[in-house]
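Computation of the quantities below employed the complete heavy-atom set of this structure, encompassing side-chain atoms and omitting hydrogens, waters and symmetry-equivalent molecules. Residue numbers count from 1 along this sequence. In listed order, ligands and their atoms are each counted from 1.
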Amino acid sequence: MAVNKIAVLTSGGDAPGMNACIRAVFLAAQSAGIELIGYQHGYNGLINQEYFTITHKDIRNLIQRGGTMLFSARCEKFKHEQHRLTAAKHLTESGADGLIVIGGDGSFKGVESLQPLWDKPIVGVPGTIDNDVAGTDYTIGYHTAIQTAVESIDKVRDTADAFERIFIVDVMGREAGFIALNSAIAGGADHVILPETFDSAAGELLRILEKLKIRRKNNVNGSHIIVTTEQLWPGGLNILQESLQSETGIDTRILTLGHVQRGGSPVWQDRVLASKLGTYAVEMVLNDERACMAGIQDRYPKAVRISNTKESRKQLNEFSLSMLEKMALLG
Ligand code: ADP
Ligand code: F6P
């Protein structure tokens, strides 16, 4: 199959390193003599025919920039076949011989449902801070999000220490605890609440209170930092805050990190990962790999069927669990 033109888009939650990936796709395409077009606003761009030819000018000074030069978006319409048919028709009209979609697990569902409607390869690249994609060790943006969370924990600890407060630090990750896990370890937190280990609010509260009791008995002063994955505490974190405050009498505050974790200049790990996966995605298009993801496994890029990127959701391994227990992060 002759490949003269490739299309690329970014979809779903943006992630630091998406730009680095677009750059790598451009460079790899260019070295193969292939034109690159960029669709804007995620799948909306395919439906609305919003695209332009990416040139060298566009990728200058790009590798260090957060966000995505193609804009990202969610696109409810894309869940309906009639709109995906329109997207496929527009792709054909654009003359593209392949499509690269940089996004998370939701965007990959889009890849899977568009592929049967378009007779050219569609390749996914995992770009999400959540790291919740099976078949790849890491997703683009994950390392930067952890770095941001760790820097924030370091800072909040200073003020928490000064006032001897409890801080509940709420980090992103959707239904996966990877960001919480690693930012709690690297940030030296006192407790971590993860979807993978959470049993009930009552059980978790008991474990936190027990730990605070021991601290008091041992005359440990200063801050107490609890890191939690977003949207996990039943009824919201205010409930946990009130319980801790009333049970311990210690001033308890909530810090929701939110979207700052999605921004900022990508750390080197994300830049290198994005460069590897972007380059490899172009190779996959040339090899006519369809409905596959460019993943990274043990430092090497690997083509993984999109259908295998969700089957076995990544779980905490036994080592991580026992380490968390030994470091008393779980209670
Ligand atoms: P992410 O890719 O970061 O996980 P979302 O879950 O919001 O983000 O998905 C991004 C986009 O992918 C959605 O707005 C939609 O356009 C597309 N998408 C998600 N699920 C489906 C689906 N079941 N069928 C087709 N497209 C989907
Ligand atoms: O998937 C990335 C992510 O940042 C999640 O961690 C978070 O739950 C979600 O996106 C937030 O989405 P939105 O930007 O639509 O609020």
Would you give the length of the straight line joining atom CD of E35 to atom CZ of F26, rounded to the nearest 0.5 angstrom? 10.0 Å
Among V192, T228, L255, find the residue that satisfies the side-chain contact (heavy atoms from CB on, under 4.5 Å) test when tested with V169.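 Exactly one pass, corresponding to L255.
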Partner of M293 under side-chain contact (heavy atoms from CB on, under 4.5 Å), picked from V123, V111, V133, V101, is V133
Any chance you could lay out the salt bridge (charged side-chain N to carboxylate O under 4.0 Å, His left out) test for E204 and R207, step after step, and finish with the verdict? CA-CA 5 Å; E204 196 77 51; R207 289 193 286 277; 3.2 Å; yes
For ligand 2, which is the ligand I care about here, please tell me if G173 has any N or O atom under 3.5 Å from one of the ligand's N or O atoms. yes
Can you check whether E230 has an N/O within less than 3.5 Å of an N/O in ligand 2? yes
Parallel, tilted or perpendicular, as decided by the 30° and 60° cut-offs, for the rings of F71 and H41: parallel
What atoms in ligand 2 come closer than 4.0 Å to a heavy atom of [X]?
{"X": "R262", "value": "3 (C), 4 (O), 9 (C), 10 (O), 11 (C), 12 (O), 13 (P), 14 (O)"}
{"X": "M172", "value": "4 (O), 6 (O)"}
{"X": "H259", "value": "13 (P), 14 (O), 16 (O)"}

Please check if L244 and I250 belong to a single hydrophobic cluster, counting links between Ile, Leu, Val, Met, Phe, Trp and Tyr side chain heavy atoms closer than 4.5 Å. yes
What residues sit with at least one heavy atom under 4.0 Å from ligand 1?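 These residues qualify: S11, G12, G13, Y43, R74, C75, F78, K79, G104, D105, G106, S107, K109, G110, S113, R174.
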Heavy-atom count around E93 CD within 6.0 Å, excluding the residue itself: above 12? yes
Among protein heavy atoms, which lies nearest atom 2 (C) of ligand 2, and at what distance?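 So the nearest neighbour among protein heavy atoms is D130 OD2, 3.3 Å.
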Test: ring-ring contact (aromatic ring centres under 6.0 Å, His included). Region: residues 72-128. Which pairs qualify, not counting sequence neighbours? Y43-F78
Can you tell which of K310, R84, R290, K79 makes a salt bridge (Lys or Arg N to Asp or Glu O under 4.0 Å) with E112?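 It is K310; the other options fail the test.
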Return yes if a side-chain donor-acceptor contact under 3.5 Å exists between R165 and T159, otherwise no.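 Looking only at side-chain atoms, T159 and R165 do not form any donor-acceptor pair under 3.5 Å.
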Compute the minimum heavy-atom distance from R74 to ligand 2 and say whether it is under 4.0 Å. yes
Would you call Q231 a ligand 2 contact, heavy-atom distance under 4.0 Å? no
